[in-house]
Amino acid sequence: MSGKLQRLKVETTWGDIKVELIDGKVARCSLPFLAGQPETPFSVKASGTDAASKFVVAALSGKPAKGPTLLFSEALAKENGKLEGTTFQQQVWQAIAEIPPGKTKTYGELAQAIGRPRAYRAVANACGKNPLPVFIPCHRVLAANGNIGGFTAGLAWKRLLLTGNRA
DNA sequence: ATCTAACAAGTGG
DNA sequence: CCACTTGTTAGAT
């Protein structure tokens, strides 16, 4: 297994977004941490023409970006022969991945979806460990009272992903 | 192997 | 607004 490892980079005014592909499947994604809301307006400086790069750019632009070839369950599986994440986490990530485009869900809803209605706290926990931010739309997960919740790389990204970069 | 603290939430007082 | 609940994880013992 394991064929080629490919590293992509989308350069933006907020920093570089790095994506790692294994055999053409998205294996990992990381965004630069932003402590607060940057004063610089967001824009993409440079990006590749491959599907993954396009997906990232589209997601950040609020376009109808249809999830292309994520197959994330395949993508997440074994990187070192080891599964990425625990069973529970994978269930959570899968549930998140199934959120219809343009919609949002609450942590509680997701907890119900995986059959553990009281585990909303754990769900949030799993969100924070999501290895594929942006690809797995954990930014569409909000708290029940409408609060925005949190985001691994900083709330600025989450807001951007939710509202789209209409600027 | 067991225990404890921490967490991106929720419900109730 | 504050405090108690709740399930899972990571790190220490």
Side-chain angles (χ1 to χ4, degrees), chain A residues 10 12-20 22 25-42 44 52 55-63 65 67 70-167:
Chain A
V10 176
T12 80
T13 52
W14 286 6
D16 294 353
I17 300 171
K18 293 170 205 154
V19 181
E20 207 173 284
I22 294 177
K25 288 174 291 193
V26 183
R28 190 137 197 129
C29 177
S30 65
L31 288 70
F33 177 76
L34 302 172
Q37 187 73 28
E39 299 178 9
T40 322
F42 175 86
V44 176
F55 180 85
V56 171
V57 173
L60 292 167
S61 309
K63 292 191 175 173
L70 287 191
L71 239 348
F72 87 105
S73 54
E74 289 247 347
L76 285 179
K78 57 220 148 177
E79 187 175 326
N80 302 347
K82 233 174 131 183
L83 277 183
E84 191 80 24
T86 66
T87 304
F88 177 81
Q89 287 171 339
Q90 293 191 19
Q91 287 179 41
V92 173
W93 299 334
Q94 193 159 357
I96 293 172
E98 285 165 11
I99 297 177
K103 284 198 149 191
T104 60
K105 258 189 172 183
T106 67
Y107 294 98
E109 290 280 313
L110 284 172
Q112 277 187 52
I114 62 174
R116 286 172 182 65
R118 321 262 129 151
Y120 35 75
R121 202 78 131 95
V123 167
N125 221 333
C127 284
K129 312 231 167 97
N130 172 14
L132 294 174
V134 180
F135 290 92
I136 297 177
C138 44
H139 49 272
R140 293 196 193 132
V141 186
L142 306 178
N145 60 342
N147 193 350
I148 190 163
F151 196 68
T152 321
L155 289 176
W157 290 110
K158 187 164 183 175
R159 292 193 203 102
L160 179 65
L161 288 162
L162 282 171
T163 63
N165 175 33
R166 314 195 209 284

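Residue numbers begin at 1 in each chain, while the letters A, B, ... track the order of the sequences.
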Would you give the length of the straight line joining atom CG of A:Leu34 to atom CG of A:Leu160, rounded to the nearest 0.5 angstrom?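 Spacing of CG (A:Leu34) from CG (A:Leu160) equals 10.0 Å.
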Test side chain to side chain donor-acceptor pair (under 3.5 Å) applied to A:Glu98 - qualifying residues, sequence neighbours left out: none
For A:Arg116, give me all partners under side chain to side chain donor-acceptor pair (under 3.5 Å), at least two apart in sequence or on another chain. none
Distances under 3.5 Å only, N/O to N/O: pair up the protein atoms with those of nucleotides 4-8 of chain C.
from  : atom 1 : to       : atom 2 : distance (Å)
C:dG7 : N2     : A:Asn125 : ND2    : 3.4
C:dT8 : OP1    : A:Arg116 : NE     : 3.1
C:dT8 : O2     : A:Asn125 : ND2    : 3.2

Below 4.5 Å, heavy atoms only, C-beta onward: do [X] and [Y] meet side chain to side chain?
X: A:Trp93; Y: A:Cys138; result: no
X: A:Ile17; Y: A:Leu60; result: yes
X: A:Trp157; Y: A:Phe42; result: yes

What residues, two or more places apart in sequence or in another chain, satisfy side-chain contact (heavy atoms from CB on, under 4.5 Å) together with A:Ala111?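 Here the qualifying residues are A:Tyr120, A:Val123.
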Look at all strands and tell whether A:Gly128 reaches a base, only sugar-phosphate, or nothing, counting heavy atoms closer than 4.0 Å.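 Base: the residue A:Gly128, judged by heavy atoms under 4.0 Å, touches a nucleobase.
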Write out the stems for DNA chain C, ordered by first number and formatted as range with range, counting runs of at least 3 consecutive Watson-Crick or G-U wobble pairs under 3.5 Å. B:1-7 with C:7-13, B:9-13 with C:1-5
Chain A on DNA chain B: first and last contacting nucleotide, 5' to 3', under 4.0 Å to a heavy atom? B:dC7 to B:dG10
Please confirm whether the backbone N or O of [Y] pairs with a side-chain atom of [X], one donor and one acceptor, at under 3.5 Å?
X: A:Gln89; Y: A:Thr86; result: yes
X: A:Gln90; Y: A:Glu84; result: yes
X: A:Lys158; Y: A:Ile148; result: yes

